[in-house]
Amino acid sequence: MQLCDLRIYPLKSAAGISRESGFVERWGLAGDRRWAVIGEDGDNLWLGEFPRMITVAARNLDGGGLALSAPGMPDLTVPPAAGPSVPVGFTGLDRAVAADPRADEWFTRLLGRTARLVWLDDPRRRSIDPAHGGLPGEVVSFAWDAPLLLASLASLRLLDEWIAKEAAERGEEPPGPLAMARFRPSAVFDGAEPYAEDGWREVRIGEVEFRVSELCDRCAVTTIDPASAVKGKEPLRTLARHRKWDGKTWFGIRIVPRDTGTIRVGDPVVPLA
């Protein structure tokens, strides 16, 4: 088994960026999800509720700023966040740093409601929720429930087969393969049996070891086509038939670094337990 893709998401809920390598910090890949968009109440304006977020391309800039672009919007360069500390509604985190007001105006126009861009100055301030497998001392960025999400190409291929078969049974034209981007993984590997990752408890990628904190339950974000920002029924409709238990559907595993270091596309992926 080997790593075949690495992705960071500089802005939570925006499009991802594939990388050949990445440095694993205690809270996730360097440069991953340190920025987020919140509403007036401080809660995250997430992709499942605002599909247009997937059209945003966000790129980290040297020195700490952020470059933003989206269809129908002017490009914007956001300087390093230096505003006041403002309340946010993330589990395990009560405040973040406000970004330049021009970014607030940009996202308010994009989403059609009052929005604010914030930056997580120190991810060590946010603990992983124990309800999602977090242990004392484990920390996370603006990512949902774990520093990294690991997904399997073999598992996706089998899901595509299930979707095509069930479409044919309904007399529908089978859709094309799903983009892995729907699942918003941090790391993608190939070479295992489908869903073998369900049984892993520890895994090494290259020279970095990780603890599996939990399987990943899937939400409406997976039904958004990353190319068009249009919502559909898949893959949740098919996952609900094949991968549903405890009232949820499952795809991928959430992993927590045991140490730090660089991982690269092509690195071996080795289950340890």
Side-chain angles (χ1 to χ4, degrees), residues 1-12 14-35 58-62 64 120 122-124 126-128 132-159 178-216 218 226 250-273:
M1 294 180 288
Q2 67 177 204
L3 197 65
C4 56
D5 193 15
L6 271 176
R7 303 181 188 190
I8 64 167
Y9 306 83
L11 171 65
K12 185 174 178 64
I17 302 171
S18 287
R19 306 287 295 272
E20 287 297 311
S21 65
F23 187 78
V24 179
E25 299 174 306
R26 288 180 54 211
W27 48 84
L29 290 170
D32 183 61
R33 283 172 277 210
R34 295 288 293 273
W35 301 85
R59 179 171 54 86
N60 292 314
L61 298 175
D62 293 341
L120 179 54
D122 186 356
R124 293 171 296 182
R126 187 182 182 212
S127 299
I128 299 175
H132 287 279
L135 299 178
E138 293 181 336
V139 292
V140 64
S141 65
F142 276 133
W144 279 119
D145 298 308
L148 287 87
L149 172 65
L150 180 63
S152 161
L153 272 183
S155 299
L156 179 60
R157 292 188 196 106
L158 181 55
L159 175 57
L178 294 179
M180 181 63 90
R182 286 178 180 258
F183 298 93
R184 302 183 67 78
S186 309
V188 182
F189 73 97
D190 201 5
E193 291 297 315
Y195 302 104
E197 63 276 15
D198 286 357
W200 297 355
R201 294 296 172 263
E202 298 178 4
V203 61
R204 184 173 61 239
I205 302 174
E207 298 303 318
V208 181
E209 294 186 6
F210 300 84
R211 181 181 71 86
V212 178
S213 55
E214 62 177 353
L215 273 64
C216 185
R218 307 313 313 208
W250 307 88
F251 186 93
I253 55 176
R254 294 178 173 128
I255 58 176
V256 181
R258 291 194 180 279
D259 47 22
T260 62
T262 299
I263 57 176
R264 299 174 176 82
V265 171
D267 275 351
V269 175
V270 182
L272 303 177

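As the structure is a prediction and not an experimental result, all values here were calculated from the model.
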Which distance, rounded to the nearest 0.5 Å, do you find between the [atom1] of [X] and the [atom2] of [Y]?
X    : Y    : atom1 : atom2 : result
C216 : D145 : SG    : CG    : 7.5 Å
F23  : I8   : CZ    : CD1   : 14.0 Å
S152 : W200 : OG    : CH2   : 7.0 Å
R34  : D122 : CZ    : CG    : 7.5 Å
L11  : D32  : CG    : CG    : 10.5 Å
F251 : L178 : CZ    : CG    : 9.0 Å

task: Apply side chain to side chain contact (heavy atoms under 4.5 Å, CB included) to the pair R182 and L156, showing each step before the final yes or no.
output: CA-CA 11 Å; R182 286 178 180 258; L156 179 60; over 6 Å; no
- prompt: Sequence neighbours excluded, which residues qualify as side-chain contact (heavy atoms from CB on, under 4.5 Å) partners of D5?
  reply: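 Only R7, S18, V188 meet the side-chain contact (heavy atoms from CB on, under 4.5 Å) criterion with D5.
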More than 12 heavy atoms from other groups under 6.0 Å of CD on E202: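 Yes.
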message: Exactly one of V24, L29, L6 should register a side-chain contact (heavy atoms from CB on, under 4.5 Å) with S186. Which one does?
response: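 Among the candidates, only L29 passes.
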query: Can you pull the side-chain hydrogen bond (donor to acceptor under 3.5 Å, both in side chains) pairs that have at least one residue in residues 20-31, sequence neighbours excluded?
result: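 Listed once each, the pairs are E25-W27.
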task: List for me each residue that meets ring pair (Phe, Tyr, Trp, His ring centres under 6.0 Å) alongside W250, sequence neighbours excluded, and say none if there are none.
output: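 Once residues adjacent in sequence are excluded, the partners of W250 under the ring pair (Phe, Tyr, Trp, His ring centres under 6.0 Å) criterion are W245.
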- request: Could you tell me which residues satisfy salt bridge (Lys or Arg N to Asp or Glu O under 4.0 Å) with E214, sequence neighbours excluded, listed by chain and number?
  value: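 Once residues adjacent in sequence are excluded, the partners of E214 under the salt bridge (Lys or Arg N to Asp or Glu O under 4.0 Å) criterion are R254.
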query: Taking only residues two or more places apart in sequence, or in another chain, which ones meet R201 in a salt bridge (Lys or Arg N to Asp or Glu O under 4.0 Å)?
result: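 R201 satisfies salt bridge (Lys or Arg N to Asp or Glu O under 4.0 Å) with no residue once adjacent residues are dropped.
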Which pair of heavy atoms, one from [X] and one from [Y], lies closest together, and at what distance?
X    : Y    : value
R124 : V139 : O-CG1, 3.7 Å
G134 : I128 : CA-CG2, 3.5 Å
A179 : P226 : CB-CG, 4.2 Å
L3   : A187 : CD1-CB, 3.7 Å
F189 : M1   : CE1-SD, 3.9 Å
L149 : R184 : CD2-O, 3.6 Å

Donor-acceptor pairs are to be reported for all side-chain atoms of residues 259-273 against protein atoms at under 3.5 Å, with residues two or more places apart or in another chain.
| unit_1 | atom_1 | unit_2 | atom_2 | d |
| --- | --- | --- | --- | --- |
| D259 | OD1 | E209 | N | 3.2 |
| D267 | OD2 | R264 | N | 2.7 |

- prompt: Taking R126 for the side chain and S141 for the main chain, is one N or O donor matched with an acceptor at less than 3.5 Å?
  reply: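 Such a contact is found between R126 side chain and S141 backbone.
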message: Quick one: does any side-chain atom of Y9 pair with a main-chain N or O of A58 as donor and acceptor, under 3.5 Å?
response: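 Not at all, since once roles are kept as given, no pair shorter than 3.5 Å links the two residues.
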task: Assess whether side chain to side chain contact (heavy atoms under 4.5 Å, CB included) is satisfied between V256 and L135, documenting all intermediate values.
output: CA-CA 10 Å; V256 181; L135 299 178; over 6 Å; no
